[in-house]
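We use all heavy atoms of the structure for the numbers below, so side chains are in, but hydrogens, waters and symmetry mates are not.
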Amino acid sequence: MERLSSPPGERRDETRDTGEPVRTATATIDERGFVTGWSEEARRLLGYAPAQVVGLPAARLLADDADDADEPARRAAGGQERLSGTVALRHHDGHPLRLGLLAHHRRRSDGTGEWLVVCAAADPAARASRDRGEALTEWAFSQVPCVLAVFGTDGRLERANAAMEDVLSVPESRMVGLRLPEIAPGPANEETEERMRLVADTGEPQRAEPRLRPAGAGAEHGRPVTLAPLKDPEGRVRAVCLVAHHEVRERLTQERTLPPGAAGSRTGTAGDTPRTAQELADAAVPRLADFAAVDLLEGVHRVEDPPLPPSEPVTARRVAVRSVREDGPGPSSARTETVTYPALSPPVRCLTRGRGALYGTADADLVQWARQDPAAAWIGREGAHAVLVVPMRAHGTVIGMAFFGRHRRPEPFGPDDLLLAEKLTAQAAVGIHETRRQSRARTTTMTLQSSLLPQTLPDQAALEVASRYLPAATSAGMGGDWFDVIPLSGARVALVVGDVVGHGIRASATMGRLRTAVRTLADVDLPPDELLTHLDDLVLHLSAEEGGGKSAPETAGGIGTTCLYAVYDPVSRHCTLARAGHPPPAVATPDGTVYFLDVPAGPPLGLGGLPFETFETELPEGSLLALYTDGLLQPRDHDIDEGLDKLFTALARPATHVETVCDRVLAAALTHPPDDDVALLVASTRALHADRVAVWDLGDDPVIVAEARRRATGQLSDWGLDDAALITELIVSELVTNAIRYGLPPIQLRLIHGDNVLISEVFDSSNTAPHLRRARLFDEGGRGLLLVAQLAQRWGTRHGPVGKTIWAEQFLAVGV
């Protein structure tokens with residue numbers, strides 16, 4: 001059976017104001033009369049499970065005692081596209097159930113026909129009390145004229161008058177409880193239903209360009225639709241009234257409406273606040289008015305806040321102007337300027353009331369405003385004899401106001417003009433509100449992303465590093481690309497680049513959690529493959545938390561995130577790397593050779609159970625190491641091979657500083673704003689030669705401690721670091737003593753002299769980790785590591801395949 005793209009019977013709707021849930025039962029029947037589809041609501045209504053019905057003749061569901069009134073529903077349609085009537089069906093428990101059904105004939109994708117049968121699964125009489133029906137009737141007929149129907153905020157029909165029954169050729173009793181596309185399927189009515197949701201959300205009237213018409217009827221048989229909110233005394237939208245205009249009224253207003261493809265149909269689509277405001281002014285002139293201006297309020301005022309007091313002035317910015325006068329203002333002269341409207345002026349009154357107003361030159365309020373307020377100078381300058389003022393509101397927010405004036409046309413503005421102006425203004429207001437919302441969300445995401453990325457790169461002696469981060473230039477928002485530079489023990493440095501799946505605040509937050517986790521894992525000196533394994537476990541845990549222990553979406557918790565982790569040792573010039581689904585790094589050697597490091601790819605993070613492999617290589621001093629995210633190689637104007645060639649060419653060109661290399665790479669690879677975030681790290685390798693490193697093998701006899709102190713102080717004297725000798729001697733003494741007492745041979749002492757740091761390391765073959773503790777009063781030991789922690793700026797333990805290394809760092813005075 002062809003599955004419906006949006007089966008009405010499988011959508012559970014919100015509970016309506018009566019407190020009872022309303023659903024639609026649906027079934028599909030093929031041309032032979034066999035049931036091919038059965039919804040969950042049909043099961044609830046008649047008690048049959050799908051397996052008990054699908055594949056059987058639909059006639060078996062008819063009650064045996066169905067009377068003659070049911071006979072029209074039993075027979076074939078005879079070429080008709082729709083049937084409606086009351087049918088007696090047999091419930092699963094045996095009792096007959098009389099239901100009002102609608103059946104629509106349609107074509108499936110394979111060319112065969114089928115019938116879609118729909119029924120409101122709740123008794124209409126039980127869904128609305130008599131008091132509510134009277135209230136809805138009073139609201140509808142007091143606020144909306146013409147052919148009408150009242151729909152609940154859930155989109156289901158509550159009431160319909162006789163004219164509505166005539167338009168759709170369906171009695172009200174068959175329509176109550178159904179959605180408009182269920183009553184008369186078709187794209188036009190589906191779009192009308194979308195407009196209903198907009199009315200319910202914004203509380204603003206809407207005009208649907210598609211015409212209301214029965215299923216299968218052509219556009220010439222339809223009527224234009226206006227949708228208006230029905231509000232209770234507190235101002236809450238309780239229902240939506242659909243009005244289909246009479247053809248006479250349509251002909252009277254046709255000259256004042258905008259044809260499809262005109263500027264008005266595009267109002268609110270610019271995605272930019274000034275352009276959207278200008279679209280509104282352009283749409284109104286000259287079809288509706290001879291002059292138009294748009295002002296936006298300073299700040300944000302929500303409808304539920306205390307209303308704007310008419311006794312206080314209002315400040316706004318004029319962002320768009322349009323006039324039919326050749327010497328008058330046009331789009332190019334719409335300068336942004338601040339205007340202040342005095343208390344009790346027409347604009348302030350309209351904002352206070354929340355609805356538009358018509359003014360003529362004889363109106364005292366307009367005359368006084370035009371005479372006293374410089375912001376109203378356009379009325380006299382344009383010679384306007386009629387003025388429209390319309391507030392701009394969207395999603396509960398007051399945005400600004402629009403002004404329309406006439407001076408060439410002799411006729412004043414009328415109610416139809418006000419309706420059209422409100423429609424155009426509402427469209428523009430929704431577009432501006434959405435643009436502002438997206439701008440605020442993007443700004444928030446960028447601020448969060450910026451705060452989570454490294455603000456400055458740390459000073460260290462192993463690498464000269466430069467970085468770049470470019471956010472995507474698309475409306476999807478910022479992604480979760482990130483990078484980091486982490487100093488490690490032994491003068492080593494870790495470089496990290498990652499790419500979190502998705503965009504927006506969620507991706508940025510996930511990125512921040514992963515970056516923190518990498519720093520924590522790097523602090524305990526895990527090898528790259530082990531670090532990625534722990535990071536993979538973390539992503540799995542995050543995914544389980546977000547999914548509530550159930551199967552989570554693919555992007556939940558960062559599943560699919562890629563990461564590259566590299567550690568460079570300037571003493572050995574070895575670089576150790578591992579990657580989780582991330583692009584491989586590129587290397588450019590001093591002789592101009594450029595190549596990718598053959599690091600095993602590994603799976604993206606969050607899949608679990610799959611290993612990561614470590615790759616180790618030796619890099620000549622002065623080599624360039626480039627780590628990046630895939631946004632660098634996937635621009636829209638060329639393929640990935642071309643991107644790789646440009647990357648290699650930029651890395652091969654000689655450069656004095658890595659900052660220059662970063663700029664060259666971005667300029668070569670990105671000829672347009674990127675479609676995805678780009679993170680780039682370029683590092684130039686340095687080396688600590690033998691004159692900066694001293695190593696001694698030591699025995700495990702306690703007498704060797706004095707020899708270790710002597711060798712250390714002698715080396716410091718050779719390096720000209722006599723000022724650091726006392727502290728170094730104490731640190732070396734404690735570390736060697738600790739290794740002899742608690743470790744295993746062989747024991748090795750190493751001193752590393754960096755630019756502004758002195759590192760003391762003692763290696764032994766034991767895997768036991770030392771613990772910092774405070775000695776009690778009569779303890780003979782327990783003070784060694786405490787002393788080291790007090791004398792050194794940093795200290796810690798680094799485990800290797802065999803044994804461990806305890807290290808301590810001292811910061812040296814600048815210039816030492």
Side-chain angles (χ1 to χ4, degrees), residues 6 8 11 13-14 16-17 136 139-140 143-144 148-158 178-184 186-212 222-232 235-245 257-258 260 262-271 273 276-277 279-280 283 300 302-304 354-356 390-400 402 418-438 441 475:
S6 181
R11 286 196 307 245
D13 299 292
E14 307 81 56
R16 299 165 68 184
D17 293 342
L136 289 175
W139 297 338
Q143 298 181 41
V144 183
L148 60 86
V150 178
F151 290 80
T153 54
D154 60 356
R156 297 185 177 277
L157 183 73
E158 300 261 11
L178 298 178
R179 300 177 183 271
L180 183 59
E182 295 168 350
I183 299 170
N189 292 335
E190 290 175 359
E191 185 169 345
T192 300
E193 186 182 49
E194 292 294 329
R195 295 297 183 100
M196 286 187 202
R197 295 193 185 101
L198 186 61
V199 173
D201 292 341
T202 64
E204 300 292 340
Q206 294 287 319
R207 181 180 174 86
E209 296 293 342
R211 292 167 168 257
L212 179 70
R223 298 187 178 186
V225 168
T226 296
L227 303 167
L230 300 182
K231 304 178 180 179
D232 60 15
R236 295 175 297 181
V237 177
R238 305 303 297 271
V240 178
C241 184
L242 180 150
V243 182
H245 294 278
T257 60
L258 300 177
S265 63
R266 299 188 300 271
T267 301
T269 63
T273 296
T276 300
E279 281 182 351
L280 171 59
V300 176
R302 299 195 62 81
V303 174
E304 60 266 23
R355 59 180 182 271
V390 181
M392 302 180 69
R393 300 170 57 181
H395 301 292
T397 302
V398 181
I399 294 176
L418 178 59
L419 180 65
L420 178 57
E422 288 177 337
K423 170 195 171 182
L424 294 175
T425 303
Q427 290 177 344
V430 170
I432 292 173
H433 181 274
E434 183 64 17
T435 299
R436 286 179 169 180
R437 185 194 66 79
Q438 293 178 357
S475 59

Between L227 and M196, is any pair of side-chain heavy atoms under 4.5 Å apart?
yes
Rounded distance (nearest 0.5 Å) linking atom CG of L230 with atom CZ of F151
12.0 Å
Shortest non-hydrogen separation from A394 to I399 and the atoms involved
CB-CD1, 4.1 Å
Using 0.5 Å steps for rounding, measure from the CG atom of N189 to the CG atom of L180.
4.0 Å
Quick one: closest heavy-atom pair of K231 and G235, and the distance?
CD-O, 3.8 Å
Rounded to the nearest 0.5 Å, how far does CD of E158 lie from OG1 of T153?
8.5 Å
Spacing of OG1 belonging to T226 relative to CZ belonging to R195, to within rounding of 0.5 Å
10.5 Å
Less than 4.5 Å apart, side chain to side chain, heavy atoms only: is that true for V390 and L418?
yes
With a 4.5 Å limit on heavy-atom distance, are the side chains of L242 and V225 in contact?
yes
Minimum heavy-atom distance P391-G356, with the two atoms named:
CD-N, 3.6 Å
Residues at least two apart in sequence or cross-chain that pass side-chain contact (heavy atoms from CB on, under 4.5 Å) with A402, listed by chain then number, are L280, F404, T425
Pairwise distance CD(E279) to CG(L424) - rounded to 0.5 angstrom
11.0 Å
In the structure I gave you, are the side-chain heavy atoms of R156 and E182 within less than 4.5 Å of one another anywhere?
yes
Looking at G155 and E193, what are the two nearest heavy atoms and their distance?
O-OE2, 4.3 Å
Could you list the residues that satisfy salt bridge (Lys or Arg N to Asp or Glu O under 4.0 Å) with R236, not counting sequence neighbours?
D232, E234
Spacing of K423 atom NZ and Q206 atom CD [to the nearest 0.5 Å]:
8.5 Å
Residues V237 and G203: closest non-hydrogen pair is CG2-CA, 3.8 Å
